[in-house]
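The next block holds one structure in the form of structure tokens; read it before the comments.
Each chain gets a letter, A, B and so on, in the order its sequence line appears, and its residues count up from 1.
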Number of protein chains: 2
Amino acid sequence: MEMTERKNKILAAVVERYIQTGEPVGSKNLLDSLGLSVSSATVRNEMADLIDMGYLEQPHTSAGRIPSTAGYRYYVENLMTAYDMSPTEKKLIDIKLHETTGEPHAVLERAGNIIADISKCAAISTTPADSEAVIKRIELVPIGTHTAMVVMLTSFGILKTRVIRTDSEITLDIAETFYNIVKANFIGKPACDITIARIQTLALSLGEKALAMTPLLVVLSDLSKMTEKTELLLEGQTNLLGYKEYETNAFELMEFLRRSEPLNRIFTLEKNETGAPSVLIGKEQLYRELQNSTLIFSRYSIGGRQSGALGVVGPTRIDYARLIPCIRYISDVVGIILSDNAED
Amino acid sequence: MEMTERKNKILAAVVERYIQTGEPVGSKNLLDSLGLSVSSATVRNEMADLIDMGYLEQPHTSAGRIPSTAGYRYYVENLMTAYDMSPTEKKLIDIKLHETTGEPHAVLERAGNIIADISKCAAISTTPADSEAVIKRIELVPIGTHTAMVVMLTSFGILKTRVIRTDSEITLDIAETFYNIVKANFIGKPACDITIARIQTLALSLGEKALAMTPLLVVLSDLSKMTEKTELLLEGQTNLLGYKEYETNAFELMEFLRRSEPLNRIFTLEKNETGAPSVLIGKEQLYRELQNSTLIFSRYSIGGRQSGALGVVGPTRIDYARLIPCIRYISDVVGIILSDNAED
DNA sequence: TTTTAGCACTCAACACTATCGAGTGCTAAC
DNA sequence: GTTAGCACTCGATAGTGTTGAGTGCTAAAA
């Protein structure tokens, strides 16, 4: 069976109506919002066809129709007219994002707040990570006689710091040795090169200074490990409690969202060259816990390179037309801010 | 009416039973867990007295009893035998807390995880803040030609950093001027002295260097403001979804917990010299949103001085005997770790 | 005076039934 | 191909009866 213009109209109307109300949509009910001068019986016939085609579902015989996963998919790809964000709206988002310090964590947290606010759903994001990061700079900032802060900057503009207390005093001599080692061994090299094994080898060649230096070098290995690891941020989880689709199983979804591995997996698995957000709808998804939800996300780019991701999770009847452009825009702005921040 | 030994026993049994099951406790039901050889009728008579005295409540005529706020209060203060944490248990907590970097945020996050895990409720904590903090040290770490990190350390061992990008290059000369200004004006002074007004005055005296210096000084004012502001950490919120007392209004409570002002207000208002955790039960509380919950918290001390707080929020039938000692212990350990961290 | 057995009473929870109404599929006429 | 009409379906809602855990009260026993 082929999709006709009328079927398109009806499917779009059902999807939009259902997104609004969350109630199964009946034929009569639909007539109002439909610009067609046909009877409800005709609409019913068409809807029956749409069920055959797999785009609609019926919770039970005497109820209206709701869109199936395939129905949403068809809607998103063929029927939806993306909401056009007004300049004022964009400006507001710009301002809110620029209010932050520009550090990835802060920017993404703010982005999450904005997304949660607009979508009334949960926002997710991951901080940028780069397994191929190159170390640009390492600093040792003395804070006390036995305390110092180690700062590591990588090619991605990711800045990690760690305060360390040592048993032996941090003298000028120690600091100098530290800088020498760092310059000779780490600057300009991949962060993943700083392994414990490497440090042990280095320590051997340090003689009596090994005792004082090792803790400092171990911190470097920790920091480099941190640049490879992303952090998962969640905002507006509680918004989900308002939807009746999550009445019984909000807990399950929320627990799932807290686990970073599966989400990271989803983000990295999804190949998407277009720059448009990825949309994963209901049953399309790999993880059972997400199969009655939709995930809209976009990987943002720092310096032209995809790094972290940000997006929104909600019921399958999420407002696609509104949120897809919105996630795209926020992802772009976040990318710009973080790229700026990464530049020297 | 006076409390007799038997009334005490019965009240304690009702409270403990209700904490376990969440179901109203009936007279017959109670006989098992009660070490008394009396009939259910006697127990009923006693329970009727306890209702008159305000310690028990009845959801409806033909149901069992549940403790009232006053009942819990009496239980906590007179009847409860605090759970004695085993050395192994303590050790485990020690280890988990020491695994962190020792920075307040990290330690408290971990503490929150532990509390959420033990209590199956939500953990709350606030990072240390000190309105009377004195500036101990300020550093300017060059990162690029136009980028630098400003580091501020205050008397509380609170370390705040901020990366800044400037229009004018950060030369050695600029850095030197910065250190001179800082040394002359800020080191050893209260953090709250660094106001925008003060900076404007300073800028006037800097002549042509004002343009380059002002942004750096403004960052200092931001950082000093940050040392005064605490941050609220929440862990294990989703645990609350498992309790039927929050079936309908989990959203309201969770939204309330996200707002830091009221919680900070509660923490600072509560005077408690004993060192034991504060326990705020149900209707005793100021905020309507907490009136069917209990809050157990303790202010931890850094360097002998009360700063932030940490604790747990759950239904009024929270496990007092277990959690009060637990919060106390964790608060002590957190205090020790953060004091260590604050020391130079 | 305190305790207890006994009994009538209460009320949430549950199962069952009837009714309502939004929505359906089908058919025959347009 | 469209539509009016009609019988049908089934969730939701309300009403009814039953059950059972639990109560308060009373009068007798301790």
Atom-to-atom span, [atom1] of [X] to [atom2] of [N] - whole angstrom:
X	N	atom1	atom2	answer
I51(B)	dC25(D)	CD1	C1'	15 Å
L50(A)	dG23(C)	CG	P	17 Å
I10(A)	dT2(D)	CD1	C1'	13 Å
L30(B)	dA21(D)	CG	C1'	14 Å

query = Does any pair with a residue in residues 47-71 of chain B pass side chain to side chain donor-acceptor pair (under 3.5 Å), and if so which ones, sequence neighbours excluded?
reply =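 For residues 47-71 of chain B: K7(B)-D49(B).
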
message = Please evaluate residues E245(A) and R317(A) with respect to the criterion salt bridge (Lys or Arg N to Asp or Glu O under 4.0 Å), reporting the C-alpha separation (whole Å), side-chain torsions for both, the decisive distance (0.1 Å), and the verdict.
response = CA-CA 10 Å; E245(A) 23 273 273; R317(A) 63 179 186 91; 3.0 Å; yes

message = Restricting to ring pair (Phe, Tyr, Trp, His ring centres under 6.0 Å), what partner residues turn up for Y320(B), sequence neighbours left out?
response =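 If we apply the ring pair (Phe, Tyr, Trp, His ring centres under 6.0 Å) test to Y320(B), skipping adjacent residues, the hits are Y72(B).
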
task = Not counting sequence neighbours, which residues clear side chain to side chain contact (heavy atoms under 4.5 Å, CB included) with T274(A)? List them please.
result =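 For T274(A) the side chain to side chain contact (heavy atoms under 4.5 Å, CB included) partners, ignoring immediate neighbours, are N272(A), A276(A).
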
key: Non-neighbouring partners of P59(B) that pass side chain to side chain contact (heavy atoms under 4.5 Å, CB included), sequence neighbours left out   =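 Side chain to side chain contact (heavy atoms under 4.5 Å, CB included) list for P59(B), sorted by chain: P24(B), A63(B), I66(B).
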
Residues from residues 17-29 of chain B lying under 4.0 Å of DNA chain D - heavy atoms =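 Residues of residues 17-29 of chain B that come under 4.0 Å of DNA chain D are, in numerical order, G26(B), S27(B), N29(B).
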
Neighbours of DNA chain D within residues 52-67 of chain B, by heavy-atom distance under 4.0 Å =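 The answer is Q58(B), T61(B), S62(B), A63(B), G64(B), R65(B).
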
query = Between D319(A) and Y83(A), does any side-chain donor sit less than 3.5 Å from a side-chain acceptor?
reply =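 No donor-acceptor contact under 3.5 Å links the two side chains.
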
request  = If a protein heavy atom is under 4.0 Å from the base, mark B; if only from the sugar-phosphate, S; if neither, -; do that for nucleotides 1-8 of chain C going 5' to 3'.
outcome  = --SBBB--

Show me the protein contacts with nucleotides 16-19 of chain D, counting only N or O atoms at under 3.5 Å.
none

key: Any side-chain heavy-atom pair of Y74(A) and P67(A) under 4.5 Å   =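 SC-SC contact between Y74(A) and P67(A) ruled out.
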
query = Are R265(B) and E270(B) close enough for a salt bridge, meaning some N to O gap below 4.0 Å?
reply =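 Answer for the salt bridge query: no.
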
query = Tell me the salt bridge (charged side-chain N to carboxylate O under 4.0 Å, His left out) pairs involving residues 11-35 of chain B, sequence neighbours left out?
reply =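 Listed once each, the pairs are E23(B)-K244(B).
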
task = Output every pair passing ring-ring contact (aromatic ring centres under 6.0 Å, His included) with a member in residues 245-267 of chain A, not counting sequence neighbours, ordered by first then second residue.
result =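 Qualifying pairs: F256(A)-Y287(A), F267(A)-F297(A).
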
ask   = What pairs meet the ring-ring contact (aromatic ring centres under 6.0 Å, His included) rule with one or both residues in residues 2-45 of chain B, with sequence neighbours excluded?
value =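 Output for this query is empty, none listed.
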
inquiry  = My understanding is that only residues two or more places apart in sequence, or in another chain, count here; which of them pass side-chain hydrogen bond (donor to acceptor under 3.5 Å, both in side chains) with R73(A)?
reply    =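 With sequence neighbours excluded, R73(A) shows a side-chain hydrogen bond (donor to acceptor under 3.5 Å, both in side chains) to E77(A), E284(A), given in chain and number order.
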
query = Considering the options E252(A), E255(A), Q237(A), which one meets the side-chain hydrogen bond (donor to acceptor under 3.5 Å, both in side chains) requirement together with T238(B)?
reply =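 Among E252(A), E255(A), Q237(A), the one that satisfies the side-chain hydrogen bond (donor to acceptor under 3.5 Å, both in side chains) with T238(B) is E255(A).
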
